[in-house]
Amino acid sequence: MRAGPSQEEIRKHNLGTLLRHVHLGGPTSRAELTSLMGLNRSTIMALTADLTAAGLVREELPKDTGRAGRPSLVVRPESSRVYVLAFDVGVDRLAAARVGLGGVILDRRVALRQRGSFDLAQVIAILAGFARQMLRKTRPDTVCVGAAAAFCGAVRKSDGVVRTGPNIGLEETPFGEQLSGKLALGLPVVVGNDANLGALAEHTRGVGLGCRDLIYLHGDVGIGGGIIAGGQLLGGFAGYGGEVGHIVVNPGGRPCGCGSRGCLEAEVGERALMEHAGRGAGEIVGRDGVRAVVDAADRGDVVAQEALHGVGSWLGLGVANLVNVFNPEMVIFGGTLREMYLGSAAQVRSQINVATLAATREGLRLRTSGLGDDAPLMGAAELAFGQVLADPLDALARRTS
């Protein structure tokens, strides 16, 4: 017969739960924490005292509440002292940020990357350089408690190896290990798929806050997806769950970088839109290129309108398939898909109405990303905070020692 959890295990769990409430919910009064956690006031007081002594939170009197009686102290995350490093590797964009406890971006750097061959050493050097620039600006009393990267490829859960990045020509690359070595901070760099981490960010801090079942679709050159089911990120057996860009919507259709034909990303991705809109070599590409097509359609350009409507129909069919399988409450369009969806919402909704079961689309909400281009970056930050939220005092003690 298995023994129940020890007092120390219960305390560790409660410390992590309280810190998570403050990290995700912002400044929270002791009274609210008592209600949220179902614990008595003295226990909450002891937990906040431990976290305050460790420098993870601080307590202060609230602003004038207008109520009689002694006000409950407010617990705030020590955002300026405890932070993580977050990175985002896209097809043509690199980003790094120092993110404080509570999800506050304290510092950030962004660089555009030339498309073509992916120079791994150069990318790692740029990101490590960004990190060093940001770290030089920190106070001596600050502490970095984690590091994570969002990557535009399929990432193995067990070791963070990028198995394949079809839109950048990368395979079997221990990206996290190499970036960690270059940073030389004594921290592992956890790696996750950019769309999965975008889903995590939208669920915890974006337009999907409070939504337990959602699908986040991320457009870069290709299409990625992240699925939150029952409040948890659906990672799959080895971590490759959510590769919705490679569901086939048009058998025998346009060739895809994965080797198949008619995949969602082949029919809906940036290349398809640009070609349908008659934008050839030498034209603007990336986010600016997609926005240029959407703007042209808004101004009455018939070719651009037809391109958007055609891509929107395939996008709607892909979403319809996902709605039938997962019955989400919300589908969120991020990255370049934000602009594509806004320019073809009627076609997307029409396909959903035709190709889904009425029961699965009841209450379905279609939304654009609340975090914009920062969604994968903020998801990486949440991944990096994982250890300190699971065991706050131990994780902090190991970093400060």
Worksheet item: Between Glu202, Arg338, His218, which is the residue that forms a side chain to side chain donor-acceptor pair (under 3.5 Å) with Ser369?
Response: Glu202
To check you understand the geometry: which heavy-atom pair defines the closest contact between [X] and [Y], and what is its length?
{"X": "Phe87", "Y": "Ala96", "result": "CD2-CB, 3.6 Å"}
{"X": "Cys144", "Y": "Leu187", "result": "SG-CD1, 3.5 Å"}
{"X": "Ala307", "Y": "Ala277", "result": "CB-N, 3.6 Å"}
{"X": "Ala148", "Y": "Ala380", "result": "CB-O, 3.2 Å"}
{"X": "Cys258", "Y": "His246", "result": "SG-ND1, 3.4 Å"}
{"X": "Tyr216", "Y": "Ala375", "result": "OH-CB, 3.7 Å"}

Give, for atom [atom1] of [X] and atom [atom2] of [Y], the distance between the pair rounded to the nearest 0.5 Å.
{"X": "Ile124", "Y": "Leu94", "atom1": "CD1", "atom2": "CG", "value": "11.0 Å"}
{"X": "Glu329", "Y": "Ile215", "atom1": "CD", "atom2": "CD1", "value": "12.0 Å"}
{"X": "Thr28", "Y": "Leu36", "atom1": "OG1", "atom2": "CG", "value": "7.0 Å"}
{"X": "Leu315", "Y": "Leu217", "atom1": "CG", "atom2": "CG", "value": "7.0 Å"}
{"X": "Ile332", "Y": "Arg365", "atom1": "CD1", "atom2": "CZ", "value": "9.0 Å"}
{"X": "Leu56", "Y": "Ser79", "atom1": "CG", "atom2": "OG", "value": "11.0 Å"}

For the side chain of [X] and the backbone of [Y], is there at least one donor-acceptor N/O pair under 3.5 Å apart?
{"X": "Ser344", "Y": "Gln347", "result": "no"}
{"X": "Asp213", "Y": "Gly230", "result": "yes"}
{"X": "Ser260", "Y": "Cys256", "result": "no"}
{"X": "Glu265", "Y": "Ile223", "result": "yes"}
{"X": "Thr356", "Y": "Ile352", "result": "yes"}
{"X": "His203", "Y": "Cys211", "result": "yes"}
{"X": "Arg81", "Y": "Gly55", "result": "yes"}
{"X": "Arg113", "Y": "Val91", "result": "yes"}
{"X": "Glu171", "Y": "Arg163", "result": "no"}
{"X": "Arg279", "Y": "Met274", "result": "no"}

Practice prompt. Let me see the working for Arg58 and Thr48 under side-chain contact (heavy atoms from CB on, under 4.5 Å), right down to the final yes or no.
Written response: CA-CA 8 Å; Arg58 69 179 186 275; Thr48 56; over 6 Å; no
Cut-off 3.5 Å, side chains only: do [X] and [Y] have a donor facing an acceptor?
{"X": "Thr34", "Y": "Arg41", "result": "no"}
{"X": "His21", "Y": "Glu32", "result": "no"}
{"X": "Asn324", "Y": "Thr360", "result": "yes"}
{"X": "Ser350", "Y": "Asn353", "result": "no"}
{"X": "Tyr240", "Y": "Arg156", "result": "no"}

Practice prompt. Start with the C-alpha distance between Arg76 and Glu59, add both sets of side-chain angles, then the distance that settles salt bridge (charged side-chain N to carboxylate O under 4.0 Å, His left out), and finish with yes or no.
Written response: CA-CA 6 Å; Arg76 294 180 178 273; Glu59 294 184 286; over 6 Å; no
Do [X] and [Y] make a side-chain contact, defined as non-hydrogen atoms from C-beta onward lying under 4.5 Å apart?
{"X": "Val244", "Y": "Leu322", "answer": "yes"}
{"X": "Asp301", "Y": "Gln305", "answer": "no"}
{"X": "Pro392", "Y": "Leu51", "answer": "yes"}
{"X": "Leu101", "Y": "Tyr83", "answer": "no"}
{"X": "Val57", "Y": "Leu19", "answer": "yes"}
{"X": "Trp314", "Y": "Val319", "answer": "no"}
{"X": "Met330", "Y": "Val207", "answer": "yes"}
{"X": "Met340", "Y": "Val290", "answer": "yes"}

Please say whether more than 12 non-hydrogen atoms of neighbouring residues, nucleotides or ligands are located less than 6.0 Å from [atom1] in [X].
{"X": "Gln232", "atom1": "CD", "answer": "no"}
{"X": "Glu78", "atom1": "CD", "answer": "yes"}
{"X": "Gln7", "atom1": "CD", "answer": "no"}
{"X": "Lys12", "atom1": "NZ", "answer": "no"}

Sidechain N-carboxylate O distance under 4.0 Å for [X], [Y]:
{"X": "Glu339", "Y": "Arg287", "result": "no"}
{"X": "Arg254", "Y": "Glu275", "result": "yes"}
{"X": "Asp107", "Y": "Arg109", "result": "yes"}

Fill in: Option among Val268, Thr368, Asp220 that satisfies the side chain to side chain contact (heavy atoms under 4.5 Å, CB included) test with Leu337
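By the side chain to side chain contact (heavy atoms under 4.5 Å, CB included) criterion, Leu337 pairs with just one of Val268, Thr368, Asp220: Val268.
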Worksheet item: Does the side-chain contact (heavy atoms from CB on, under 4.5 Å) test come out yes or no for Val161 and Glu172, once each step is laid out?
Response: CA-CA 6 Å; Val161 167; Glu172 299 294 340; 4.1 Å; yes
Discussion item. side-chain contact (heavy atoms from CB on, under 4.5 Å) for Val145 and Leu396? Distances and angles first, verdict last.
Written reply: CA-CA 7 Å; Val145 294; Leu396 191 66; 4.0 Å; yes
Item to complete: Test salt bridge (charged side-chain N to carboxylate O under 4.0 Å, His left out) on Asp394 and Arg398 and set out the steps.
Response: CA-CA 6 Å; Asp394 181 68; Arg398 280 188 277 114; 3.0 Å; yes
Item to complete: Could you walk me through whether Ser80 and Arg139 pass side-chain contact (heavy atoms from CB on, under 4.5 Å), step by step?
Response: CA-CA 9 Å; Ser80 62; Arg139 302 191 316 263; 3.9 Å; yes
Discussion item. Once you measure the plane-to-plane angle for Tyr341 and Phe333, does it fall in the parallel (<30°), tilted (30-60°) or perpendicular (>60°) bin?
Written reply: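 Rings of Tyr341 and Phe333: parallel, as their planes differ by under 30°.
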